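These notes concern the structure reproduced below.
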2 protein chains.
Amino acid sequence: MDKQTVTIYDVAREAAVSMATVSRVVNGNPNVKPATRQKVLDVIDQLDYRPNAVARGLASKKTTTIGVIIPDLTNSYFSELARGIDDVAMMYKYNIILTSSDENHDKEMQVIDNLSAKQVDGIIFMGNQITDELRTAFDRTHAPIVLAGSVDPKHQVPTVNIDYVAAVTEAVSNLINRGNKRIAFVTGSMDESINRDYRLKGYKQALSEARIGFDDGLVFQTDYSYKAGYKLAKALQDVKATAAFVGDDELAAGVLNGLTDAGIRVPEDFEVITSNDTRFTEMTRPRMSSITQPLYDIGAVSMRLLTKLMNNESINEQTVVLPYGLKKRTSTK
Amino acid sequence: MDKQTVTIYDVAREAAVSMATVSRVVNGNPNVKPATRQKVLDVIDQLDYRPNAVARGLASKKTTTIGVIIPDLTNSYFSELARGIDDVAMMYKYNIILTSSDENHDKEMQVIDNLSAKQVDGIIFMGNQITDELRTAFDRTHAPIVLAGSVDPKHQVPTVNIDYVAAVTEAVSNLINRGNKRIAFVTGSMDESINRDYRLKGYKQALSEARIGFDDGLVFQTDYSYKAGYKLAKALQDVKATAAFVGDDELAAGVLNGLTDAGIRVPEDFEVITSNDTRFTEMTRPRMSSITQPLYDIGAVSMRLLTKLMNNESINEQTVVLPYGLKKRTSTK
DNA sequence: AGCAATCATGAAACCGCTTACTAATAATAT
DNA sequence: ATATTATTAGTAAGCGGTTTCATGATTGCT
């Protein structure tokens, strides 16, 4: 009934060698005479033997599995990162245990412990609120951790991202340069440090460089969804904004369409610039101008960095900052 | 230096009981005197003991981990399914090893063996070409498998999806009813049975019901991307189509925008209907009419079904077909 | 009080593999 | 030919749990 699993022991017996030898050939250990190796290989083939990765993990204390914590799988920003992670992980023969955190702090904590129990060799974390509690959870874990496309204000955890402050400054300055004085700042919750400590900082910096006063009323916090953006259109008019910087592309698409549907012409009467340069930017009409980020690369580099950490290789920089850009499309003049 | 991992053995010693007892309390086995249980619990707490899931997996032959094979993480269709899977998996305390197949057949095979080696308790497979080779790979695996949002023409593998033939028939008939005679059929490769055996069948059925001849020239195979759709606009005009049924939302968005940018008015001069009702449908202008599918539910139900299979519970139906609908938006008249 | 039935615990085998450490064989040097 | 050094291969001790089986402690019942 139940397919008999064939173990290393069976192979050893059949090939008339010890299990140690089988283990050696399976792991490519050179200390095996070619003839013996071939004999074992033949038996392996014949018996269709496949090493049990769990047993191997227990014995070797390496699972060749890493954990990836992602706030929202369906958010293009994160899924693009994940793709980069995935490709490189595959390249290095690692499997990925993917877990959603829903940006929920308790879940994040729980998930880390869970991954830890599963003995993952490393963890890639995406999420924008590195609390101290989270840090202690990181510390409890044996596995090295890297942050992908996220920020650690305290610069304690290895991280791969872009210079968000500079990017936002540039984006907003760009808006200012075309005469906009009342520029809305639209993002997710200010509890997230990427918004509070980075994007907002960039926004303020651009304003101050242009000697424009900061107006609290122009700051909008909402969730990262199309709907939320769509609903914001009215409020944006109420505060007499003539442009908006938006922290997420779906949110921006909502803003854009909400505005358009309300009869506001973009970009003639209102300019919109967004942040992540995901595929959404090309789909809307007008197409959305955006900060550009090497999304795939952020993921890929994170994973690469993690492999180094897992191998105890020396690292030059804990934090790697990738280049960003600005792409003009048709939602800005 | 290296944080000393505390094992069940340490707990046993400290609590002055045997490891068997510790194991019992950890696993909620009722055969433990309350006083003993409490004592052990205290020590566990005090030592911050966390069971090693790998060891547990080896001993119990259950890893509480399932494998999920996904063609493309960044495709909304699949990521929505994945979210459903993920939620239910979490509910049942399963972790997910997520692997991309890139629709690559060899990779799919390899990935299945790999998951199998990792001793996953079950597998959810998304992908639209269930070859016989793949079937044998499925068979080799001890773990039960269910197909999510995919089709098995031979109905051998447990599957959760919708009635694609009926859905497409309805969508195309809808187009026909408004006078369209030359309706393009735009999807991915005809190698995928979902296109060849289901969607195309529905398309032809609608035509034949309306006594419209089938024209090969109206069938377009391309890849599921915005760009591919965008480029198709010209060809669509060349064959004098007045409407299109499209098998993927991003692809449809491309078609739509390509048409619009070429000066064709949608829906006045050309109607477009798409298939997956993902978030893209709301973002384009005009908004895309679509077949609606309970994406999240397909994922969720698949996972639920898998849990039953993993527990050897009796199953009513191997194949569960969820309801679909048709949503009129503004890309159709 | 005496004996069976039930409950709580421990001893030890086992899960399938890795990895010292050791032994045997082969190669090289003297 | 003998001693010395490499190569190959085997032995066995874990890795950290689960689980069967046996045993001792309790409880129930007559």
Side-chain angles (χ1 to χ4, degrees), chain A residues 2-41 43-44 47-65 114 116-121 142-143, chain B residues 2-41 43-44 47-65 114 116-121 142-143:
Chain A
D2 205 23
K3 305 154 210 170
Q4 206 54 50
T5 62
V6 8
T7 74
I8 200 171
Y9 218 82
D10 300 319
V11 177
R13 184 172 10 81
E14 205 68 18
V17 299
S18 73
M19 43 186 307
T21 300
V22 177
S23 176
R24 289 197 188 91
V25 350
V26 167
N27 293 298
N29 184 315
N31 289 5
V32 182
K33 194 159 54 171
T36 316
R37 176 187 308 283
Q38 193 52 54
K39 186 172 56 177
V40 172
L41 249 19
V43 173
I44 285 181
L47 262 46
D48 192 29
Y49 165 69
R50 298 137 189 284
N52 179 323
V54 173
R56 189 188 288 212
L58 180 58
S60 70
K61 293 171 168 300
K62 285 192 195 328
T63 54
T64 61
T65 300
N114 184 239
S116 191
K118 293 247 160 135
Q119 313 296 119
V120 294
D121 295 337
H142 286 78
Chain B
D2 205 23
K3 305 155 210 167
Q4 205 56 49
T5 61
V6 6
T7 73
I8 199 171
Y9 219 81
D10 300 319
V11 176
R13 186 173 8 81
E14 205 66 19
V17 298
S18 73
M19 45 185 308
T21 299
V22 177
S23 176
R24 290 196 188 92
V25 349
V26 167
N27 293 299
N29 184 316
N31 290 6
V32 181
K33 195 159 52 168
T36 315
R37 175 186 311 283
Q38 194 52 55
K39 186 173 54 177
V40 172
L41 251 18
V43 173
I44 285 180
L47 262 44
D48 193 28
Y49 164 70
R50 298 137 189 285
N52 179 324
V54 172
R56 191 189 286 215
L58 180 59
S60 70
K61 294 172 167 299
K62 286 193 193 328
T63 54
T64 60
T65 300
N114 184 239
S116 190
K118 292 247 161 133
Q119 314 296 119
V120 294
D121 295 337
H142 286 76

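Labels below follow one simple rule: chain letters A, B, ... track the order of the sequence lines, proteins then strands, and each chain is numbered from 1. Here the structure is a predicted model, which is why all the values come from computation and not from measurement.
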In residues 26-33 of chain A, what donor-acceptor pairs under 3.5 Å come from side-chain atoms, sequence neighbours left out?
from, atom 1, to, atom 2, distance (Å)
Asn27(A), ND2, Ser23(A), O, 2.8
Asn27(A), ND2, Ser23(A), OG, 3.3
Asn29(A), OD1, Asn31(A), N, 2.8

Using five base pairs at each end to define the local axes, how bent is the helix from dA1(C)-dT30(D) to dT30(C)-dA1(D), to the nearest 10°?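 Axis-to-axis angle, ends of the helix: 40°.
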Run Val54(B) and Leu58(B) through side chain to side chain contact (heavy atoms under 4.5 Å, CB included) and show every step you take. CA-CA 6 Å; Val54(B) 172; Leu58(B) 180 59; 5.8 Å; no
Examine distances only and state if a side-chain atom of Lys118(A) and a backbone atom of Thr63(B) form a donor-acceptor pair shorter than 3.5 Å.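 Answer holds: yes.
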Please check the phosphate of dG10(D) (OP1 and OP2 only) for any side-chain N or O of Thr21(A) closer than 4.0 Å.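 Yes, within the criterion.
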For Val22(B), report the nucleic acid contact type (base, sugar-phosphate, nothing); a contact means any heavy atom under 4.0 Å.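 If one applies the 4.0 Å heavy-atom cut-off, Val22(B) turns out to touch nothing in the nucleic acid.
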Over all strands shown, is Val17(A) touching base, sugar-phosphate only, or nothing at heavy-atom distances under 4.0 angstrom?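 Sugar-phosphate: the residue Val17(A), judged by heavy atoms under 4.0 Å, touches backbone atoms but no base.
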Test side chain to side chain contact (heavy atoms under 4.5 Å, CB included) on Arg13(A) and Asp10(A); report intermediate values, then the result. CA-CA 5 Å; Arg13(A) 184 172 10 81; Asp10(A) 300 319; 2.7 Å; yes
Below 4.0 angstrom, which residues in residues 24-33 of chain B have at least one non-hydrogen atom near DNA chain C?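 Hits under 4.0 Å, by residue number: Arg24(B), Asn31(B), Val32(B), Lys33(B).
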Begin with the C-alpha distance, continue with both residues' side-chain angles, and end with the deciding distance and a verdict on side chain to side chain contact (heavy atoms under 4.5 Å, CB included) for Arg24(B) and Thr21(B). CA-CA 5 Å; Arg24(B) 290 196 188 92; Thr21(B) 299; 3.8 Å; yes
Atom of [X], atom of [Y] and distance for their closest heavy-atom approach:
X	Y	value
Ser18(B)	Ala12(B)	C-CB, 3.8 Å
Tyr49(A)	Thr7(A)	CE1-C, 3.5 Å
Leu47(B)	Val6(B)	O-CG1, 3.5 Å

Boundaries of the DNA chain C segment in contact with chain A, non-hydrogen, under 4.0 Å: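 Going 5' to 3' along DNA chain C, contacts run dG16(C) to dA20(C).
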Pairing residues for Arg50(A) by the salt bridge (charged side-chain N to carboxylate O under 4.0 Å, His left out) criterion, not counting sequence neighbours: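 For Arg50(A) the salt bridge (charged side-chain N to carboxylate O under 4.0 Å, His left out) partners, ignoring immediate neighbours, are Asp48(A), Asp113(B).
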Below 3.5 Å between N/O atoms, which protein atoms pair up with nucleotides 12-15 of chain D? Just atom names and distances, please.
from, atom 1, to, atom 2, distance (Å)
dC15(D), O3', Lys61(A), NZ, 3.3
dC15(D), O2, Ala59(A), N, 3.4

